Each structure stands twice: as C-alpha cells, then as structure tokens.
Protein chains: 2
Amino acid sequence: MAANRRPTLADVAREVGVSAKTVSRVLNADGPASAQTREQVLAAVTKLGFQPNLMARNIRVGGPDTTVGLVIPDLANPFFGAVARSIEDTVRDRGLTLLMGSSADDPDRERALTDKFLARRVSVLMVVPSVGAGHAHLKTHRATGLPIVFIDRPGAGLATDSVVSSNRTGAHDGVAHLIAHGHRRIGFVGDLPAKLYTRRERLAGYRSALQEADIPYDRSLVVNAHDQQGAEAVAGQLLDGAEPPTALFAGNNIMALGIVAELARSGRKHVAVVAFDDVSLADALEPALTVVAQDPEEIGRTAAVTALARLDGDRSRARTVTVPTRLIVRGSGEQSVAAART
Amino acid sequence: MAANRRPTLADVAREVGVSAKTVSRVLNADGPASAQTREQVLAAVTKLGFQPNLMARNIRVGGPDTTVGLVIPDLANPFFGAVARSIEDTVRDRGLTLLMGSSADDPDRERALTDKFLARRVSVLMVVPSVGAGHAHLKTHRATGLPIVFIDRPGAGLATDSVVSSNRTGAHDGVAHLIAHGHRRIGFVGDLPAKLYTRRERLAGYRSALQEADIPYDRSLVVNAHDQQGAEAVAGQLLDGAEPPTALFAGNNIMALGIVAELARSGRKHVAVVAFDDVSLADALEPALTVVAQDPEEIGRTAAVTALARLDGDRSRARTVTVPTRLIVRGSGEQSVAAART
DNA sequence: GTGAAAGCGCTAACAT
DNA sequence: ATGTTAGCGCTTTCAC
C-alpha cells in the first residue's frame, strides 16, 4: 500500500546471494553464468517483480536512448495519425519506443518538444516542421550523428533528410482534371498560414495547371481557412460571390471536409470538387469525392527507413524523397460547368 | 562531423571555471548564484550547445520520470487520435512527455509496451486494454503509487480507475431511435473480437432497446467484422439475405464507414442507419448519418485529470467514470421501413 | 563462472 | 555564493 521502493539489481542480487554484476549478466545474456545461478536469478526477478531501470542502463552505456522523437502538428489529424502509425510499425522491430507530441504548428511548442526529446537522448528525431521554426540549433546534434528527418515539409536552416508528397504535381493533376471537364473558374481553398510549404507547393501546382490551359490566375479565387469551419465559411462566401467558381480545389483534407460540408449544407451538389489528400467516406458521397491521394503509410515508412539507415551509419548526402500522389477519380471532379452555374 | 561526445555539466563547469553543482544550480534555479556566474554559465551552455541529460537527472532524483505511457489500439483511428490529443493537452501543462505505442489490440504487444513504459519509470500509465490481456502484473506497480487508468474499456484483474463511454445507454438510444421510426428488423454490425467490452456493452444496449419494444432478439441479425472492408461485406450479405433488416446499427466508427460505403456502393439509400461514434462527413452524406456521438476529448481529459489527481496524492477508491454519449439525429435513422423493403 | 571497483551525468546533503 | 562528497541503478573493466 505504501509507496515502496521499486526493487533494483542490488535487491535481486541480495535475494539470490550473488553480485549485482551476475544478475546483470543473466538478464542481458552478457558473459557466462551457470544454469543454476541463471534460474535462481530469474526466480528472484519474478518474485520481486524487478524491472531493470532503462534510464539507469542507458546513462551508463552512454549511447543514445532507444527512443524515437516524433513531432507532428496534430495527433487527431487522420493524415498524421496514419504517418505516425507507419513510423511506429517500422521502428518497432528495432525495439525503439515512440516519444510523441503535437506542435499545433506552433514553432515554440515544436522547439519545446524537440528540446525535450534531445534532452532524453532520442536515437532519432522526426519532425513535421512548423512555419517559422528554425532548425539551425539542430546542426550540432546532426553533426553528432543524430539522424533527423523532416516529414511532410522541409525544415529551415538545416540540410538533412526529408520526405514529402509530390505536392506540386499532385495539385497540378487534380486541377488539370477539373480543367479537362471544362472548368475555367476554379477556386482554391488553402490552409493557413499561407507560407506553409505544402500550401505553397499545392498552390503552385494549381497555378501551373491553369497556365497550361491559358487560364489567367485570378487571385480572388484563392481563399484561406484555419480549420474545417473556416473552410465552410470561405467556400460559401466564394460561391456566393459575383463571379463564383464552378469548381473548387481543396488544399488539404481539412479544407476538403469543410468544402464538402458546405456544399451539402447549401445544397450545391453541382459544384465540382477535387481534394488534396483522401478522406474517409469520400466514396460514399454524392457525387463521390475525387481526390489527389497521399500515401501516409509510405511517407512514414520512408521517413523511418531513412532514419534507421542513418543510424546504421549511412553517411551519404542528405536527400529529399518525394512520395508520389495518385489521382483517384470518383466523380466530384466531373460535375458539369453548366450545372454549377444554375 | 565526427560523432563528438555531447557536452556534459562538467564540460560547462570547466569552461566557466566553476563546479558542476554551480552550473546545476543555475540551470535548475536551485540555490543562489551571482548574476555574473549565471551569465557566464548561460553563455557557456549556449556556446557548447549543452543540453542536460534528463535521464541522468531523473535517476539521481529518484522519483518517476516525467513521462506518461499511453497504449492505444491504433494511432490512425480518429477516435483514439482525438483521445490521445486530449490527453496530451491535459498533461502538457505539467511538463509531462508522452510515450506512445499502438497495441493493435494484441495482448502481447500491449504487454510489451507497458513493460517498456514501466522500465522507463513513467509517472502515469494509461491503457486501452486489449481483449485477453491480464493486468494482475500491474498490481505491484499500482501499489507502489503508479497511477494507472484504463481508457475506453475496463482492465482485467486490477482495481483501478477507468474512463468509458456510456456504451449501453448510447446504443440503446440509437436503436430506440430506429424503433421509433417503425423498424423492427434491425441489424447489428459489431467489431471483433466479440468479447470486446465496448462491443458487448453496445450489443446489450441494442438488445435492451429491442426488448423494451417487444421485438424478439434475432441472432441472425447480428454480424461481425474486423475492419471496414469486412463490415462492407457482412452488411451486404445481411441485406442480401432472405429476411433482410430494414435498418442497421453500426457498433463503432469503422463499422459505420463500412456500412455507409456498402450502402452507397449498392445504391441502397433507403436502409436506415445509426452509428455508434461520430465520423467526419456524417453531415454531408445523403441521408446524413445519425450517430451516437462519443466525446473523445472528454474521455481523454477525464483520464488525464484522474491520473494527475492520483499523482497528487488522491488515494480515494478506484472509480469508473462514464462519459455520456449523445444521439445526434441527422436523418439516416429516419429512412422509412417501407422504402427499405423496395 | 563470478566479483569488486570505478564511473556514466547528474543532484542531495552537507560543507565552507 | 560556491565547492565537495556521495550516490542514484546500472554496466564496464579488470581481477580472480
């Protein structure tokens, strides 16, 4: 009942009548040990409920801890959840444990998290960098051999590995799909801040598709929102405007949720939509939602594999891996221009 | 470039020409320190890029580490993602860091994770227990003062706090909603394994609603699936059967996705549906999906608050907190019986 | 096959 | 205001 001290190696050793080192040997399959000693030790371990203190072990051994530090913007965002799961699946075989935290895309929170992770001597640092976060302070750690991988966006001020989606090409293809179905006024609903890498890249893809079709870029068709509710609002405003678009391109999954919700709410079933990043139930909507699907599993896997290779001594140049996106045509991109105008 | 040793307290002390303890004092705002020393120390810390080794600190201080161990079935499931975010938000103020892992509902993986967390001397252990996982081995840790909270389901073999949804009442209300709209043949699509606490409770709620309405329980209307694809398949089979149900109740969010996808695919728009747990875009479906919404934020917050209270010395009896669910009527529960038969 | 001593990086408990 | 000593729980090193 009282807060008893947890048993230590020494307690186990005392119980058996051997030295601490012998117990350590048995538990780590280090040096030799007689079968009898082994059994006695194991029995005492069970009896006392001994669990080695990993922190104490680690401090002595000196190397990095068997942990991976992972900073993502939001644990509850399905995209990042899928990335995180994939990372975990990949590093689990190596016995690594995940230290996780969400930054809410706040550079200060990101910094606080990475500092904590570094103070815990993580073996690997994986970060979805926030806008405005500098990473120069990580240079010395990188130089010390700590693998650092940026996910979804490149980091600022640090040459290291990163894994991103083919944002520009993907967005281009999604918008081109709309253009192919006759749309010339296509709204872009992007997330914030506007300086966000993914947002900029996807907007660039949007613009390149317009340009290819000789459609002038109309700044008034580009709107922004922080969250789903914001996206609903701006999508509604855009469509209520003087020269409304006949199609919308969603800059990410959250924007897509907002757009789809707003179209459903206002009964505008005939506005064409393509979204960047897949969402669940996309198939069940009417019309089903056409998306530029990302591959979060592959992104997570690649990031983890890259980091583990570095851990294993890979000293090759820092590289940026681009994970391809895939246009999944489901119907919402084919709503007719004429219908949207009604 | 080479893997230089990371600077230690002693390095900083040497740089400044003071003792290690003085540096420690400055950094932890422990005892006094002259303004000049403080500045010099801080400068040296910056210069060397020193970061205190939290593990070394912790081992000396002796108490539990400033970490929270969290085991959930699947990082990519939006429900658990929302719970995790809420937990993180709640424990962040206390400076606690999250150790996370997914069990995939496998008792062995759960055990491996909790053992690792315990070896790291977490301050708090929060677990969504897997079916078949025993928790008797946690008794000694509980007795030692480690707060343990089970989330979403009670744990087996250990009297400790838990936080669950009002599964039975919620499911009852959802099914009653269908019955109120004339349905008497209501299919239950549940997850697996069938022994899962939430599944059993929700099925019990389903049965109690039937009983209240004098509708005999028909075992053939209860089907199971592991995942969304499985749910699509069994929902299709059920509706293709001899005496198909006119309404379906989804046992969780994943089953809901499967059912909705299947109904959309097969064009059965007139089958009534109520789902346990909300899903995104529920509002945008046609008909919009009526759900028994859980409150993952509140579940996470309650679990964290309970654990922190224990950490602060709360020695009251272990309690189970039930977080209420809420029926959100959106339309899919009101599809008519007649229409479903066509 | 086993043990004793030293030390990992840090801080508690005493000095001064 | 600062330094010294000891020691957290473990493993390394070297001895037997």
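Here the structure is a predicted model, which is why all the values come from computation and not from measurement. We name chains A, B, ... by the order of the sequence lines, and we start the count at 1 in each one.
Summary for the helix from dG1(C)-dC16(D) to dT16(C)-dA1(D): the axes at its two ends, each from 5 pairs, differ by 40° when rounded to the nearest 10 degrees.
With salt bridges taken as basic N to acidic carboxylate O contacts below 4.0 Å, none links Asp115(A) and Arg120(A). Ion pairing of Glu298(A) with Arg301(A) is present here, as a side-chain N (NZ or NE/NH1/NH2) and a carboxylate O approach within less than 4.0 Å. A salt bridge does not link Arg111(B) with Asp106(B): every distance from a Lys NZ or Arg NE/NH1/NH2 to an Asp or Glu carboxylate oxygen is 4.0 Å or more. Under the 4.0 Å criterion applied to side-chain N and carboxylate O atoms, Arg5(B) and Asp11(B) are assigned as salt-bridge partners.
For dT11(D), one of the phosphate oxygens OP1 or OP2 lies less than 4.0 angstrom from a side-chain nitrogen or oxygen of Ser24(A). In this model, the phosphate group of dG3(C) is approached by a side-chain N or O of Thr22(A) to a distance below 4.0 Å at OP1 or OP2. Residue Ser34(A) places at least one side-chain N or O closer than 4.0 Å to OP1 or OP2 of dT2(C). An OP1 or OP2 oxygen of dT2(C) is reached within less than 4.0 angstrom by a side-chain nitrogen or oxygen of Thr37(A).
Residue Ser19(B) is in base contact, counting any heavy-atom pair closer than 4.0 Å across all strands shown. Within the nucleic acid shown, Asn28(B) comes within 4.0 Å of sugar-phosphate atoms alone, with no base atom in reach, counting heavy atoms only.
Atoms CD (Gln36(A)) and P (dT2(C)) sit 9 Å apart, rounded to a whole Å. Rounded to whole Å, the distance from CD on Gln40(B) to C1' on dT2(D) is 13 Å. Here dC8(C) presents its P atom at 16 Å from NZ of Lys21(A), a figure rounded to the nearest Å. The CG-P distance, from Leu9(A) to dG3(C), rounds to 13 Å in whole Å. Remark: P of dC8(D) and CZ of Arg6(A) are 17 Å apart, rounded to the nearest angstrom. Rounded to an integer number of Å, the gap from Arg57(A) CZ to dT11(D) C1' is 8 Å.
With hydrogens and angles ignored, no donor-acceptor pair under 3.5 angstrom links the side chain of Arg60(A) to the base of dG9(D).
Between the side chains of Thr160(A) and Arg142(A), at least one donor N or O lies within less than 3.5 Å of an accepting N or O. Side-chain atoms of Asp105(B) and Ser103(B) form no donor-acceptor pair, as typed in the model, at a separation below 3.5 Å.
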Between the protein and nucleotides 14-16 of chain C, which nitrogen or oxygen pairs are less than 3.5 angstrom apart?
none

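Heavy-atom distances under 4.0 Å link DNA chain C to Phe50(B), Pro52(B), Asn53(B) of residues 41-53 of chain B, given in residue order.
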### Task
Take Asn28(B) and Arg57(B) through the test side chain to side chain contact (heavy atoms under 4.5 Å, CB included) and record every step on the way to the result.
CA-CA 11 Å; Asn28(B) 296 303; Arg57(B) 172 178 218 287; 3.6 Å; yes
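The stretch residues 37-47 of chain A participates, sequence neighbours left out, in these side-chain hydrogen bond (donor to acceptor under 3.5 Å, both in side chains) pairs: Glu15(A)-Lys47(A), Ser34(A)-Thr37(A).
Inter-residue side-chain proximity for Asp161(B) and Thr320(B) is flagged as unmet; no heavy-atom pair is nearer than 4.5 Å.
Partners of Phe117(A) by ring-ring contact (aromatic ring centres under 6.0 Å, His included), not counting sequence neighbours: none found. Under the side-chain hydrogen bond (donor to acceptor under 3.5 Å, both in side chains) criterion, Asp295(A) pairs with no residue, sequence neighbours left out.
Rounded to the nearest 0.5 angstrom, Ile59(A) CD1 and Met55(B) CE are separated by 7.5 Å.
Of the residues near DNA chain D, Ala20(B) and Ala10(A), the one whose nearest nucleotide (by heavy atom distance) lies more toward the 5' end is Ala20(B).
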